[in-house]
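Model, not experiment: these values are computed from the prediction.
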Amino acid sequence: RYREPFDFLILSTGAAPLRPANLLAKVGLKHPCVVSLRNLEDVDQLKGIVDSGVQKAIVLGGGFIGVEVAEQLVHRGVATTLVEKNPQVLPPFDAEMVVPLEQALVERGVALHLSDAVVDLEPDGHGVRAIVTDGRILEGDVVVLAIGVQPENLLAQAAGLKTNDRGAVKVNEYLQTNDPHIYAVGDVIEVPDPILGGSTHIPLAGPANRQGRLAADHIIARVQGKVDSVPPYRGSQGSAIVRVFDLTAAITGKSEKALQRAGKERHRDYEVIYVHPYHHAHYYPGAKRLTIKLIFEASSGRILGAQAVGEEAVDKRIDVLAMGIQMGATVFDLEEAELCYSPQYGSAKDAINLAGFQGANVVRGGTIPITPVELRATLETATPPMVVDVRSPAEFDEDHIPGSINIPLPELRTRVGELPTDRPVVTYCAVGQRGYFAERVLRQGGVTAVRNLTGGFVSWQRLVSGSV
């Protein structure tokens with residue numbers, strides 16, 4: 001121990017994996033086959049265990065680290081069980097967006113336990129037994145703890161720095177703590193929420209790197225007497241990406257459930273739309289469908305959040321939307337976005353443009369969408385809407401939403417009289433365009449209570465029924 005004087009200090013202690021003492025009471029805090037991942041040494045430890053020839057692994061936690069570890073264990077031929085206390089993997093995402101990812105995990109052999117939790121770990125020879133809530137026992141040669149992180153704040157607390165109720169260090173817009181000579185950056189701090197206001201804790205590498213640079217700039221500016229030259233930290237919107245076998249999922253801004261949790265006092269009314277475009281021109285070989293969920297203010301069209309899942313170019317689209325959120329962009333800006341086009345990279349009407357077109361139609365009142373989750377809920381009520389499938393008879397016969405009737409779009413104008421005017425109607429097609437045309441036709445024909453299923457039957461299959 002020794003004393004090191006400073007003029008300024010930057011606290012960058014990060015976040016530590018959660019290792020609950022009660023969960024580890026029987027196996028001990030340092031059991032060689034109970035690992036968590038924070039640094040390369042931890043990865044080396046896990047790799048050494050796998051190299052030794054283990055057969056079974058249990059991963060606790062279905063967040064980013066949990067699903068990535070599960071994938072790599074499968075690639076190494078280890079029978080893997082993934083336990084997640086929430087009813088979905090990747091909790092930052094909305095539940096319907098991760099259905100394809102959960103299917104990918106199961107199809108690759110992962111035993112997926114959702115809405116389940118491990119309450120105790122016990123030594124079992126050279127391995128570990130995990131006891132879940134209902135008393136069932138899961139056996140593993142290795143257990144990976146990936147149940148979350150907490151700010152590494154012991155030094156901050158010892159220094160008398162203020163923390164929030166979750167232990168994250170409080171900082172101002174220049175990342176100074178309550179001691180103006182001590183800055184804090186990275187996973188240990190709370191940050192401004194640029195979308196809803198207030199503060200939040202977002203432990204991600206990208207924001208942490210930018211914070212470190214800003215803190216250093218501010219210190220130098222203070223020394224040089226040029227503090228006004230340093231802009232304040234804009235906040236963190238939570239842009240993140242993960243691969244699950246052949247699929248990629250990415251998110252930026254607020255999820256729908258985050259807006260719902262925030263409550264009316266913190267969020268404005270919002271709308272949700274889904275689009276399922278190809279990642280490049282559909283006629284060019286190798287085109288893969290994307291699923292994009294866009295969330296925006298109902299009144300202004302300002303983008304609040306976006307999520308995407310697909311095999312190709314997911315990062316490209318979410319990066320564009322992330323930049324849009326930071327710049328305060330609206331769905332009208334997405335309509336006009338001028339993006340690179342060549343058939344092997346995108347379409348003349350890019351996926352971003354398509355999301356903008358649909359969002360702008362909503363704000364302008366040209367369409368009233370209904371999401372698959374909303375439709376499923378209304379179909380379970382005493383007075384469900386009439387659901388009209390406007391695809392071809394062949395498409396309808398192959399599969400359709402239960403209880404729907406088939407009126408192909410070319411026949412709709414002559415058959416408007418078959419639809420009720422005193423009962424809500426929902427139109428749908430494959431991905432939404434024909435359903436939108438049908439909505440317009442019906443509204444012009446006197447059926448005013450009509451909504452179009454955003455994203456069409458593809459949304460229903462992928463996001464509600466769980467069939468990809």
Where the side chain of Lys257 meets the backbone of Pro91, is there a donor-acceptor pair that is under 3.5 Å apart?
yes
Evaluate the criterion salt bridge (Lys or Arg N to Asp or Glu O under 4.0 Å) for residue pair Asp246 and Arg108; output intermediate values, then yes/no.
CA-CA 11 Å; Asp246 295 330; Arg108 294 300 186 99; 3.1 Å; yes
With side chain to side chain contact (heavy atoms under 4.5 Å, CB included) as the test, would you mind laying out the steps for Val314 and Val309 before giving the verdict?
CA-CA 6 Å; Val314 169; Val309 178; 5.8 Å; no
Taking Arg38's backbone N and O only, do any of them form a donor-acceptor pair with Asp42's side chain (distance below 3.5 Å, no angle check)?
yes
Take a 6.0 Å sphere around CD of Glu338 and say whether it holds more than 12 heavy atoms from other residues, nucleotides or ligands.
no
Can you check whether Gly62's main-chain N or O pairs, donor with acceptor, with Glu84's side chain at less than 3.5 Å?
yes
Between CD1 on residue Ile370 and CZ on residue Arg376, distance to nearest 0.5 Å
12.0 Å
Go through the steps to decide whether Leu304 and Arg302 satisfy the test side chain to side chain contact (heavy atoms under 4.5 Å, CB included), and finish with yes or no.
CA-CA 6 Å; Leu304 301 175; Arg302 175 190 166 217; 4.0 Å; yes
To the nearest 0.5 Å, atom OG of Ser229 lies from atom CD of Gln224 at 7.5 Å
Check: Thr80 side chain, Val78 main-chain N or O, donor-acceptor pair, under 3.5 Å:
yes
For Arg243, side chain to side chain contact (heavy atoms under 4.5 Å, CB included) partners two or more places apart:
Glu71, Gln72, Thr248
Please lay out, stage by stage, how Asn178 and Asn172 fare under the test side chain to side chain contact (heavy atoms under 4.5 Å, CB included).
CA-CA 8 Å; Asn178 52 294; Asn172 65 12; over 6 Å; no
Atom NE2 of His279 and atom CZ of Arg289: how far apart are they, to the nearest 0.5 Å?
13.0 Å
Applying ring-ring contact (aromatic ring centres under 6.0 Å, His included), run through His75 and Phe245 and close with a yes or a no.
CA-CA 9 Å; His75 285 317; Phe245 296 104; 5.6 Å; yes
Of all the heavy-atom pairs spanning Leu101 and Val244, show the shortest one and how long it is.
O-CG1, 4.0 Å
Is Pro194 close to Arg234 at the side-chain level, that is, under 4.5 Å between some pair of heavy atoms?
no
If you count every heavy atom of other residues, nucleotides or ligands that lies below 6.0 Å from Tyr345 atom OH, does the total exceed 12?
no
Aromatic ring pairing His276/Tyr274, orientation class (parallel under 30°, perpendicular over 60°, tilted between)
parallel
Starting at CG of Leu37, measure out to CD of Glu68 and round the result to the nearest 0.5 Å.
10.0 Å
Do Asp94 and Lys293 come close enough that some side-chain heavy atom pair is under 4.5 Å?
yes
Take a 6.0 Å sphere around CZ of Arg166 and say whether it holds more than 12 heavy atoms from other residues, nucleotides or ligands.
no
Within a 6.0 Å radius of atom CD on Gln433, are there more than 12 heavy atoms belonging to other residues, nucleotides or ligands?
no
If I compare all heavy atoms of Thr177 with all of Tyr183, which pair ends up nearest, and what's the gap?
CG2-C, 4.2 Å
Does any N or O in the side chain of Asp124 come within less than 3.5 Å of the main-chain N or O of Gly127, such that one atom is a donor and the other an acceptor?
no
Please say whether more than 12 non-hydrogen atoms of neighbouring residues, nucleotides or ligands are located less than 6.0 Å from OH in Tyr278.
no
Go through the steps to decide whether Glu374 and Arg451 satisfy the test salt bridge (Lys or Arg N to Asp or Glu O under 4.0 Å), and finish with yes or no.
CA-CA 11 Å; Glu374 288 178 304; Arg451 301 173 72 181; 3.7 Å; yes
Would you call Lys349 and Glu335 a salt bridge, taking side-chain N to carboxylate O under 4.0 Å as the test?
no
Which of parallel (below 30°), tilted (30 to 60°) and perpendicular (above 60°) describes Phe93 and Phe64?
tilted
Got more than 12 heavy atoms from elsewhere within 6.0 Å of CG, Asp7?
no
Least distance between heavy atoms, Leu145 atom then Leu60 atom:
CD2-CD1, 3.5 Å
Enter the distance from Asp187:CG to Ile202:CD1 here, rounded to the nearest 0.5 Å.
10.5 Å
For the side chain of Asn153 and the backbone of Gln157, is there at least one donor-acceptor N/O pair under 3.5 Å apart?
no
For the residue pair Gln358 and Thr454, confirm or rule out a side-chain donor-acceptor distance under 3.5 Å.
yes
To check you understand the geometry: which heavy-atom pair defines the closest contact between Phe8 and Val223, and what is its length?
CE1-CG2, 3.9 Å
Suppose we call two aromatic rings close when their centres sit under 6.0 Å apart. Are His218 and Tyr233 close by that rule?
no
Close side-chain approach of Val143 to Val35, heavy-atom, < 4.5 Å:
no
Backbone N/O of Thr200 and side chain of Asp193: donor-acceptor pair under 3.5 Å:
no
Is there a side-chain hydrogen bond (donor to acceptor under 3.5 Å, both in side chains) between Glu190 and Asn164? Walk through the geometry before answering.
CA-CA 8 Å; Glu190 69 172 17; Asn164 65 15; 3.0 Å; yes
Please check if the number of heavy atoms outside Ile65 that lie under 6.0 Å from its CD1 is greater than 12.
no
Distance-only, no hydrogens or angles: does the Glu297 side chain make a donor-acceptor pair with backbone N or O of Gly301 under 3.5 Å?
no
Selection residues 18-37 - residue pairs positive for salt bridge (charged side-chain N to carboxylate O under 4.0 Å, His left out), sequence neighbours left out
Lys26-Asp120, Lys26-Glu122
For residues Gly310 and Leu290, report the shortest heavy-atom separation together with the two atoms involved.
CA-CD2, 4.3 Å
Glu152 (side chain) donor-acceptor with Gln150 (main chain) under 3.5 angstrom:
no
Closest approach of His113 and Ala111, non-hydrogen atoms and distance?
CD2-O, 3.6 Å
Would a distance-only check, ignoring hydrogens and angles, find a side-chain to backbone donor-acceptor pair under 3.5 Å from Asn86 to Gln88?
no
Just verifying a value: how many Å separate Leu11 CG and Ile189 CD1, rounded to the nearest 0.5 Å?
10.0 Å
